[in-house]
Amino acid sequence: RTYTLGEALQFVVSFSESMLVTPQTGTGNVPRIALVIGSNTRHAQYVAGNETPVLVFDYVIQAGDLDTNGIVVSNAISLNGATITDLAGNTGGLTFPQPATTTVLVDGVAPALTRFSTTKPNGSYRAGESITITATMSKDVRAGSTLEITMDTGAIVLVTATTVGRTMSGIYVVAAGENSPDLDVVGYRDVNVLDVAGNPLGLPEAAIGDPGFPVGGNTIGAVKAIVIDTIAPTAPNAPTEQGSNKLADGFLNAAEAATSTILRVAFGSSGAAVGDRVELLIGGVSFSTPKTLTLVAGDITNGHVDFAVSTADLGADGIKSLTARVTDRAGNVGVAGPAITFTKDTSAPSAPNAPTEQGSNTLADNLLNAAEAATGTTFRVGLGTSGAAAGGTVELLINGGSFSVPKRSVLTDADITIGYVEFSVSAADLGGDGSKSLTARVADESGNVGPAGGARTFTLDTIAPAAPT
């Protein structure tokens, strides 16, 4: 068998009669038997049997004693200054047959913790991440041997040897509220570590900085760059339009949507850093093709990032609410910031009805002479099926274009109720004599301009004939 640290090797020497053992006067030295353990000489000291035929010698295994092929025991008792006599005072022989001890093995070397390590790649990790922590021992330990280790995040992790060997492993699952700029083990406590021979851990409890605690390249902190980050960034600023003012009126019409709109997200007090990601959101969720940018040093210097948003990105017409959020390198997702809100409206109104003369019949003959032109003519534009709504605009056109002084009317709820608007047209508005074609078109509140409707055509003729000759 193998004797371990603190166990006693006991040797019994039998005599033919009772023997008297007298320690050396002054020193107290007692008889002993020499042993060779490994390459070192040790001594089994006399411990019992005075005035009996049987004398007992013990050697207690000390730290560092190691013999893997059998100890060697002397075949004689060394008096070491003491005396051994029979009860009458006669000395006897002190030699004996050398015992066979090739199967008496010694292991007084306690296992020691030599290294903490992990195979987790360098990077930042958030709550819920699993990180395997490995403790390496100086010698094989028994299966089931367990250590309780303390991480610098405050977490306690149990590492266990699943088989006989030098490695013990456990899983550190990051919990909310645990943070570290450079993950490391800061302490450990022995639970039940035993080497194969049965020796317990030499240093059963230690903290970083204590003698015997792993240092330098034998620590996670020195070898790896693992950040534990469970704190989510705060919200960035609301997106703002850059390089245009298309959204100033709260609408994005078809003409404006024809080119992309640049939206800038300023980081504000979000704490955004290099390697974090900023995402532009629509309606509180990702775009169908997510708009995400990973921050570089220049972005942090600038304090913002810009996103190009096309009409395809925005999808169908309707109210759009765009926000942004920051996700840090560990994957902690921050809250969305305030929104920029507008209505996408790319559908133009339909054509209104053709203008009709109101309150007179001067155009019944499709002519407008000088006398008729002396007073203004009122034209009514029926909204018909144009889809016109309050806030939109109806414009009266001449020959397909605006009058020199445009004739536009912003629609009110009352206009929508009665279904038309009216315009007064003077001779000055009509310009020089000739054929005139009056039409109308509707522009909605977003600025989408519909097609012109049917025309009211007539001829302006204000020049009287010359006198006959």
Side-chain angles (χ1 to χ4, degrees), residues 238-264 281-284 309-323 338-359 376-426 429 437-456:
T240 57
E241 184 179 5
Q242 298 296 310
S244 62
N245 61 355
K246 295 185 286 188
L247 304 180
D249 60 357
F251 293 94
L252 185 71
N253 62 36
E256 293 166 336
T259 57
S260 292
T261 303
I262 305 302
L263 295 175
R264 175 168 293 176
L281 306 173
I282 183 167
V309 179
S310 69
T311 185
D313 293 329
L314 294 171
D317 285 2
I319 296 174
K320 307 299 176 181
S321 178
L322 272 59
T323 57
I340 181 173
T341 303
F342 58 92
T343 298
K344 179 186 175 185
D345 179 4
T346 58
S347 297
S350 299
N353 297 345
T356 57
E357 183 181 4
Q358 297 296 312
T377 303
T378 299
F379 290 92
R380 176 176 292 178
V381 177
L383 303 178
T385 59
S386 65
T393 302
V394 176
E395 182 177 13
L396 189 66
L397 306 174
I398 184 168
N399 297 330
S402 297
F403 282 80
S404 57
V405 177
K407 291 187 174 295
R408 299 187 181 105
S409 178
V410 177
L411 298 173
T412 65
D413 289 333
D415 297 330
I416 301 304
T417 299
I418 62 176
Y420 63 83
V421 290
E422 293 181 342
F423 298 91
S424 179
V425 179
S426 68
D429 292 329
S437 177
L438 271 59
T439 56
R441 65 187 176 193
V442 178
D444 63 21
E445 190 177 10
S446 302
N448 297 296
V449 179
R456 178 65 174 94

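Note that the numbering runs from 1 along the sequence shown for the chain.
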[X] [atom1] to [Y] [atom2] distance, which is reported to the nearest 0.5 Å:
X      : Y      : atom1 : atom2 : value
Lys320 : Ile282 : NZ    : CD1   : 5.0 Å
Lys344 : Leu247 : NZ    : CG    : 12.0 Å
Ile340 : Leu322 : CD1   : CG    : 7.5 Å
Leu411 : Thr417 : CG    : OG1   : 11.0 Å
Leu397 : Lys407 : CG    : NZ    : 12.0 Å
Asn253 : Glu445 : CG    : CD    : 11.5 Å

Open item on the list: Hydrogens and angles aside, do Gln358 and Thr356 bring a side-chain donor and acceptor to less than 3.5 Å of each other?
Closed with: yes
Open item on the list: Just by distance, no angles: are the side chains of Thr377 and Glu357 close enough, under 3.5 Å, to form a donor-acceptor pair?
Closed with: no
For [X] against [Y], the heavy-atom pair lying closest together:
X      : Y      : result
Arg441 : Pro451 : CB-O, 3.7 Å
Asp429 : Ser424 : OD2-O, 3.7 Å
Ile416 : Ala388 : CD1-O, 3.6 Å
Ala452 : Thr439 : CB-OG1, 3.9 Å
Pro338 : Pro239 : O-CD, 3.6 Å
Gly382 : Pro352 : O-CB, 3.5 Å

- [ ] Would you sort out whether Asp317 and Asp345 count as a side-chain contact (heavy atoms from CB on, under 4.5 Å), showing the intermediate values?
- [x] CA-CA 5 Å; Asp317 285 2; Asp345 179 4; 3.8 Å; yes
TODO: With side-chain contact (heavy atoms from CB on, under 4.5 Å) as the test, would you mind laying out the steps for Ser446 and Glu256 before giving the verdict?
DONE: CA-CA 10 Å; Ser446 302; Glu256 293 166 336; over 6 Å; no
Task: Verdict with reasoning, Phe423 to Leu438, per side-chain contact (heavy atoms from CB on, under 4.5 Å) - done: CA-CA 11 Å; Phe423 298 91; Leu438 271 59; over 6 Å; no
TODO: Check whether any side-chain heavy atom of Ile319 sits under 4.5 Å from a side-chain heavy atom of Thr341, and report yes or no.
DONE: yes
Open item on the list: Donor-acceptor check, side chain of Asp444 to backbone of Ala348, threshold 3.5 angstrom: yes or no?
Closed with: no
Open item on the list: Quick one: does any side-chain atom of Asp415 pair with a main-chain N or O of Val421 as donor and acceptor, under 3.5 Å?
Closed with: no
Open item on the list: Run Leu314 and Phe342 through side-chain contact (heavy atoms from CB on, under 4.5 Å) and show every step you take.
Closed with: CA-CA 11 Å; Leu314 294 171; Phe342 58 92; 4.0 Å; yes
